[in-house]
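Here's the structure, in structure tokens; my notes come after.
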Amino acid sequence: MSGLSTAWHIKQLAATHKIPLHLHVLEADATVGGNIRTEVVPHEHGQFLVEWGPNGVLDSKPETVDLCKALGLENSLIFANEAAAKRYLFVDGRLQQLPGSPGAFMRSPILSIGARMRVMREPFVKPLLVDDESIFDFATRRLGIHAAERLIDPFVSGIFAGDPKELSVHAAFPRLPEMERAHGSLIKAQKAMKKARSKSVDEGQEQAGPKGRLVSLRHGMGQLIEALHAKLSAEIQTNARVDRVRYFEDGWVVERESGESIDRIDKLIIATPSMATSRILAGLERGFMQPLQGIDYSAVSVVALGFNADDIDHALDGFGFLVPAIENREILGCLWSSSIYPGQRSPDGTKLLRVMVGGARAPRLALRDDDALLSSVRRELGDILGVHGDPLFTRIIRWTNAIPQYGLGHLRRVAEVESLCEKWPGLHVTGNAFRGVAVNDCARESLVVANRALGLSRGAD
Ligand SMILES: Cc1cc2nc3c(=O)[nH]c(=O)nc-3n(C[C@H](O)[C@H](O)[C@H](O)COP(=O)(O)OP(=O)(O)OC[C@H]3O[C@@H](n4cnc5c(N)ncnc54)[C@H](O)[C@@H]3O)c2cc1C
């Protein structure tokens, strides 16, 4: 996504500004798309659409939707069912609805009365302005340990498949310390933002979960990759793993693992995962290695299962559920794909579930063999959702390096990499390892980098 959308923006901007361009996009795999891929699983009454990676983006940030529109995909955009605003947590051994308003929060048994009162005291907790702090410490300090364990922990695993005790709140959720800094309290900040919003728009009903609607494409997120691929087909080379790069007076030389190379390159943008970026740049300057290798990745296995609707007791009336670590279960959570986009992801009379396993805290669970993984997932689904009967199909998608973990010191590492890049003419790095892991973040960064590389913005070459 990062590489393709940067290439697309470069091509567009070069055409608009009449900048001569000879573009090469080198992809190590046989197919493009990285984390984004949609698999079609045929069924006698239609088909299942299985997302290997992201299942959508939030339209509260415009970048991906704008990109889709620019690629001519406007009529293919689909929005999550309104019922998907309902989200569940598995706490105290059962599914409980995540409250969507302060009133519902005060009535919800997800936290004990004492823990709820502790959350309500948050505006009186003195702000602590530090440079870096773990998400868990931040949440415990502001909201109390029970809220950190039961609400914040699953939220973090839903986005990063990460360990809140290891992740930096400043890097992973920069808005939270910013809210504390500006308003002295998260609750006060939320009230102020709500007031500002309600002046301009009627917000409608309160929702649990993030603001904005979840958006995808009729044929899945893979449709975005196909559209980018089609626009860049002349420039993309697949099965073209880059081994290293070198810099000479007449430009960059990009050497492929196969021994082939491309020379006299003016601008070089590297959009690979941080370990690969480190390998590619190590020969240029060893200083790149430490900060890049300091960015760990979590291992996640996605297990997709199709069922006859009758084989699931739960109504699946929502987005899905997440499981806090303190529950000690073998899954991180489960997305109810057929409920999120009804009629779009599974044939009538069937249901599609996607279960996340592993993450930074329990990578060994993700790395078990297929039989062990599948039987544990089926056991958990049986217990939690009342799933019985055999699945119509199963898929196991293994991401050994699924999502970069923005650990303590992440912002310093990013600054170090960026300042090293500045020493080398025309060199830029991007990708989800640096400034946000959501597809929207990758789309936003790709436009920034494209402008910078073409000399169209501040910080340009
Ligand atoms: C299971 C899962 C679920 C997710 N769900 C969501 C979601 O619902 N919403 C959301 O917004 N985000 C989600 N994300 C995150 C989002 O999908 C990713 O952060 C984003 O797609 C990453 O894009 P990227 O291009 O930066 O990296 P990648 O997708 O990792 O792409 C890097 C590319 O570099 C290539 N490459 C590697 N080494 C080399 C080399 N030496 N030479 C050439 N090419 C190389 C790789 O083959 C790959 O194509 C999810 C991620 C995962 C794994």
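Ligands are counted one by one from 1 in listed order, and the atoms in each one are counted from 1 as well.
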Practice task
Could you tell me whether His314 and Phe321 have their ring centroids closer than 6.0 angstrom?
Solution key: no
Handout entry: Any donor-acceptor N or O pair under 3.5 Å, side chains Ser76, Gln223
Key = yes
Practice task
Would you indicate whether Asp250, at its atom CG, is surrounded by more than 12 heavy atoms from other residues, nucleotides or ligands within a distance under 6.0 Å?
Solution key: yes
Completion exercise
Checking heavy atoms under 4.0 Å, the part of Leu26 that sits near ligand 1 is backbone
Completion exercise
Going by the 4.0 angstrom heavy-atom rule, the piece of Thr430 near ligand 1 is neither
Problem - Top protein contact for atom 46 (C) of ligand 1, by heavy-atom distance - result: Glu27 OE2, 3.5 Å
Completion exercise
For Asp29, the ligand 1 atoms with a heavy-atom partner under 4.0 Å come out as 47 (O)
Fill in the blank from the handout: For atom 8 (O) of ligand 1, the closest protein heavy atom turns out to be Asn55 N, 3.2 Å
Handout entry: Protein contact to atom 11 (O) of ligand 1 [nearest heavy atom, distance to 0.1 Å]
Key = Val439 N, 2.8 Å
Completion exercise
If you scan protein heavy atoms around atom 53 (C) of ligand 1, the nearest is Ala402 O, 3.8 Å
Practice task
Count the heavy atoms of every other residue, nucleotide or ligand shown that sit under 6.0 Å from CD of Gln237, and state whether that count exceeds 12.
Solution key: yes
Problem - Short N-O contact, Glu51 and Arg354, less than 4.0 angstrom - result: no
Exercise for the section: State, with a plain yes or no, whether a side-chain heavy atom of Glu149 is found less than 4.5 Å away from one of Pro324. Expected result: no
Problem - Proximity of Trp336 and Tyr88 rings by center, below 6.0 Å - result: yes
Completion exercise
Within the 4.0 Å heavy-atom cut-off, what Ala438 brings close to ligand 1 is both
Handout entry: Arg412/Asp132 salt bridge by N-O under 4.0 Å criterion
Key = no
Completion exercise
Near Gly431 (heavy-atom distance under 4.0 Å), the atoms of ligand 1 are 26 (O)
Problem - Val300 heavy atom under 4.0 Å from ligand 1 - result: no
Fill in the blank from the handout: Ranking Thr6, Ile225, Val242, Ile159 by closest non-hydrogen atom to atom 41 (N) of ligand 1, top hit is Val242
Handout entry: Heavy atoms of other groups near Asn75 CG, more than 12 under 6.0 Å
Key = no
Exercise for the section: Return the residue, atom name and 0.1 Å-rounded distance of the protein heavy atom closest to atom 22 (C) of ligand 1. Expected result: Asn432 ND2, 3.3 Å
Practice task
Examine the side chains of Ser216 and Arg345 and answer whether a donor and an acceptor come within less than 3.5 Å of each other.
Solution key: yes
Problem - Nearest-contact summary for atom 19 (O) of ligand 1 - protein heavy atom, Å - result: Val437 O, 2.5 Å
Handout entry: Thr277 and Thr272 side chains, donor-acceptor separation under 3.5 Å
Key = yes
Practice task
Between Gly3, Ala28, Pro54, flag the one that comes closest to atom 17 (O) of ligand 1 by a heavy atom.
Solution key: Pro54
Practice task
List every atom of ligand 1 that sits less than 4.0 Å from any heavy atom of Val302, numbering the atoms from 1 in the order shown and giving each element.
Solution key: 1 (C)
Fill in the blank from the handout: Nearest non-hydrogen protein atom to atom 25 (O) of ligand 1, with distance, is Ser2 N, 2.8 Å
Handout entry: Closest non-hydrogen atom pair, Arg218 against Leu49
Key = O-CD1, 3.5 Å
Exercise for the section: Show which atoms of ligand 1 fall inside a sub-4.0 Å distance from at least one heavy-atom site of Ile36. Expected result: 21 (O)
Practice task
Please say whether Gly56 places an N or O atom under 3.5 Å from an N or O atom belonging to ligand 1.
Solution key: yes
Practice task
For atom 36 (N) of ligand 1, grab the closest protein heavy atom and report residue, atom and distance to one decimal in Å.
Solution key: Thr272 CG2, 3.7 Å
Exercise for the section: Would you indicate which of Gly34, Cys442, Pro273, Ala240 comes nearest to atom 34 (O) of ligand 1 when only heavy atoms are counted? Expected result: Pro273
Exercise for the section: Indicate whether any N or O donor in one side chain lies under 3.5 Å from an N or O acceptor in the other, for Gln293 and Ser278. Expected result: yes
Problem - Numbered atoms of ligand 1 (with element) below 4.0 Å of Ile280, judged on heavy atoms - result: 41 (N)
Handout entry: Ligand-residue contact atoms, ligand 1 with Arg241, heavy atoms, under 4.0 Å
Key = 38 (N), 40 (C), 41 (N), 42 (N)
Handout entry: Where ligand 1 meets Ala276 - atom numbers and elements under 4.0 angstrom, heavy-atom basis
Key = 38 (N)
Problem - More than 12 heavy atoms from other groups under 6.0 Å of NZ on Lys165 - result: no
